[in-house]
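Here is how names work: the chains are called A, B, and so on, in the same order as the sequence lines, proteins then strands, and each is numbered from 1.
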2 protein chains.
Amino acid sequence: MTRRPKAKDSERSAQILEAADALFGEVGFDGVSVRDIAERAGVNKALVFYYYGSKDALFELVVERFYTAHADALASAFAAEGSQAERFHRMIDAYVDFIDANRNYPRLMQRQVAGGTEGLELIRKGLTPLFEWTERILSEVCPERGPLAARHFWITFSGAVINYFTYGPVLAPLWGGDPGSPQAVTERRAHLHWLVDVILDGLERESDKQE
Amino acid sequence: MTRRPKAKDSERSAQILEAADALFGEVGFDGVSVRDIAERAGVNKALVFYYYGSKDALFELVVERFYTAHADALASAFAAEGSQAERFHRMIDAYVDFIDANRNYPRLMQRQVAGGTEGLELIRKGLTPLFEWTERILSEVCPERGPLAARHFWITFSGAVINYFTYGPVLAPLWGGDPGSPQAVTERRAHLHWLVDVILDGLERESDKQE
DNA sequence: TCTTGATTGAACCGATCGGTCAAAACATCG
DNA sequence: CGATGTTTTGACCGATCGGTTCAATCAAGA
């Protein structure tokens, strides 16, 4: 076993992927040229095509990596231990921590979701498992249909988590202090926990009302 | 006073603006070429520059129109009549109705917020009044600082409203039924109202705890 | 040493982009 | 009608894009 690198796991190909990760996250698909990626990776442009075939393929790969990383990050929080509230807090924390450590992810996702109807299938592929999974857990405390169904809370919470990081930079000047600072993120986490508690309370009262 | 049209309010310039509105909203700045806009407006490409100078200027104009329309839509819900809960419900409804009637607006906004650091100042200009305004109302029921401060709820609610419309199309297949249908939107409105009630309840209990 | 795959450099392609320009077309007024 | 000022057009420009090609290097395995 020598050092001759095989395709797709050579050092150079990793550099390219890393550069693509960063640039696509920062400025989006249209804002980045293959030349930019090659330059950032310190690599010849032709090599990008040599390894990944096309700009689209490279982008898809970056997106998929993000989504599976997201799923992996959430998996660790899936343990059934603790009270219901504790479990939801853990999921929220995992979500927040992941985004906190991958600031480009929410931007990339929002951009994609809000983008045209083109890449819709790709987003769906990445988002579906996350959705179904979270929905299953939420179903324990939610009615199956109506305004309190799991899917509504899924949107509400994913919005509450993600939009904090996407809107944060915009509103920072009105904020006083950086919304991305550790203290600020901790405060946001507390807000979300409080929200979870209040909602669980409300749902419980709701089901009492039913019986 | 004859019918010689002055620049910027001629029929053609309105057609151009309309086409730009639609296309920028659908596919975003980078996804649209000036040729596309001209074609959709049924007009020569050069005329776009004749009236609006540049693609950037036209885009700014479209964005500003969206933001002021948003502010106008919310203004109608600002009346002080009714209970606190009623007033918040009214604001939510106004927000939902506006987006419901301008489906491209949330996509454009999300795309812009998640975009690079370039257009940040432009977004800020449009979003600041909306933020300050809503924050003032929220301040009646929120502590000034900490996890329950107004700004946290602003993000949470704007996310809960906006993301429903941006994520809706993506999750539609898992949903069963169109999330954009009138019934579905009504159900979402009910979800948000419930959320408002539960949160107001929680905040009240919180302030009781303090005293 | 010879072979094979990784990597580079540069030139090149067709397509598309935002933007310009000068002339045509038009409407209006004298 | 002709003069005048505006609106509209089509052709054109340079730049950039994604992608290809090909000859030249380089390193390591056989």
Side-chain angles (χ1 to χ4, degrees), chain A residues 1-63 111-112 115-116 118-119 122, chain B residues 1-63 111-112 115-116 118-119 122:
Chain A
M1 181 73 121
T2 58
R3 259 308 189 61
R4 179 109 56 89
K6 296 285 177 203
K8 295 287 163 124
D9 60 338
S10 79
E11 198 178 330
R12 296 279 210 251
S13 77
Q15 286 170 16
I16 293 171
L17 197 55
E18 197 180 328
D21 231 73
L23 287 175
F24 282 141
E26 286 168 19
V27 259
F29 184 84
D30 291 321
V32 174
S33 76
V34 178
R35 285 167 178 86
D36 292 334
I37 296 174
E39 192 180 345
R40 173 119 165 197
V43 137
N44 189 276
K45 176 170 76 88
L47 203 61
V48 177
F49 292 96
Y50 176 74
Y51 275 123
Y52 298 100
S54 72
K55 186 189 178 186
D56 292 84
L58 180 53
F59 182 70
E60 280 197 30
L61 207 138
V62 166
V63 168
R111 226 181 286 123
Q112 223 186 332
E118 297 179 35
L122 179 59
Chain B
M1 182 73 125
T2 58
R3 260 304 189 64
R4 181 112 51 89
K6 297 286 177 202
K8 297 286 165 129
D9 61 336
S10 77
E11 199 179 328
R12 294 288 170 97
S13 76
Q15 285 170 16
I16 294 171
L17 196 57
E18 196 180 328
D21 231 74
L23 287 175
F24 281 139
E26 286 168 20
V27 258
F29 184 83
D30 290 322
V32 173
S33 74
V34 178
R35 283 168 179 85
D36 293 335
I37 297 175
E39 193 180 345
R40 173 117 161 199
V43 139
N44 188 280
K45 177 172 73 87
L47 205 60
V48 176
F49 294 94
Y50 175 75
Y51 277 122
Y52 298 101
S54 74
K55 187 188 177 186
D56 293 82
L58 179 54
F59 182 70
E60 280 198 30
L61 208 138
V62 166
V63 169
R111 226 181 287 123
Q112 223 185 331
E118 297 179 39
L122 179 59

**Message:** Donor-acceptor pair, distance only, cut-off 3.5 Å: does the side chain of B:Asp21 make one with the backbone of B:Glu18?
**Reply:** no
**Fill in**
Of D:dT21, D:dT9, C:dT7, the nucleotide closest to the side chain of A:Tyr50 is C:dT7
**Prompt:** Is a side-chain donor or acceptor of B:Lys55 paired with a backbone partner of B:Val48 at a separation under 3.5 angstrom?
**Reply:** no
**Prompt:** Expressed in angstrom and rounded to an integer, what is the separation of A:Arg12 atom CZ from D:dA27 atom P?
**Reply:** 11 Å
**Request:** Return the 5'-most residue of the pair A:Ser33, B:Leu47 with respect to DNA chain D, ranking by each residue's nearest nucleotide.
**Result:** B:Leu47
**Prompt:** Are any side-chain N or O atoms of A:Tyr52 and backbone N or O atoms of A:Ser13, one a donor and one an acceptor, separated by less than 3.5 Å?
**Reply:** yes
**Asked** Ignoring hydrogens and geometry, is there a side-chain-to-backbone donor-acceptor pair from A:Arg111 to A:Gly25 under 3.5 Å?
**Response** yes
**Message:** For the CG atom of A:Asn44 and the CZ atom of A:Arg35, what is their distance to the nearest 0.5 Å?
**Reply:** 10.5 Å
**Complete:** Rounded to whole Å, the CG-C1' distance (A:Asp36 to D:dC17) equals 11 Å
**Request:** Mind calculating the distance between CZ (A:Phe49) and P (C:dC13) to the nearest angstrom?
**Result:** 17 Å
**Item:** Nearest-nucleotide 5' precedence on DNA chain C, A:Asn44 against A:Arg35
**Value:** A:Asn44
**Message:** Measure CD/B:Glu39 against P/C:dT16 and give the value in whole Å, please.
**Reply:** 12 Å
**Item:** Atom-pair distance (CD on B:Glu11; C1' on D:dT7), nearest Å
**Value:** 13 Å
**Prompt:** Contact class for B:Val48 (heavy atom, under 4.0 Å): base, sugar-phosphate, or nothing?
**Reply:** nothing
**Message:** Nearest whole Å is fine: how far is C:dA10 P from A:Lys45 NZ?
**Reply:** 13 Å
**Message:** Between P on D:dT7 and CD1 on B:Ile16, what's the gap in Å once rounded to a whole number?
**Reply:** 11 Å
**Message:** Can you tell me which nucleotide in C:dG5, D:dT7, C:dG9 comes closest to the side chain of B:Tyr51?
**Reply:** D:dT7
**Between C:dG18 (C1') and B:Asp30 (CG): distance, integer Å** = 12 Å
**Message:** Checking contacts here: which listed nucleotide (D:dG18, C:dG5, D:dT7) is nearest the side-chain heavy atoms of A:Val34?
**Reply:** D:dG18
**Message:** Looking only at the side chain of A:Lys55 (C-beta and beyond, no hydrogens), which of the listed nucleotides D:dT7, C:dT7, D:dG18 gets closest?
**Reply:** D:dG18
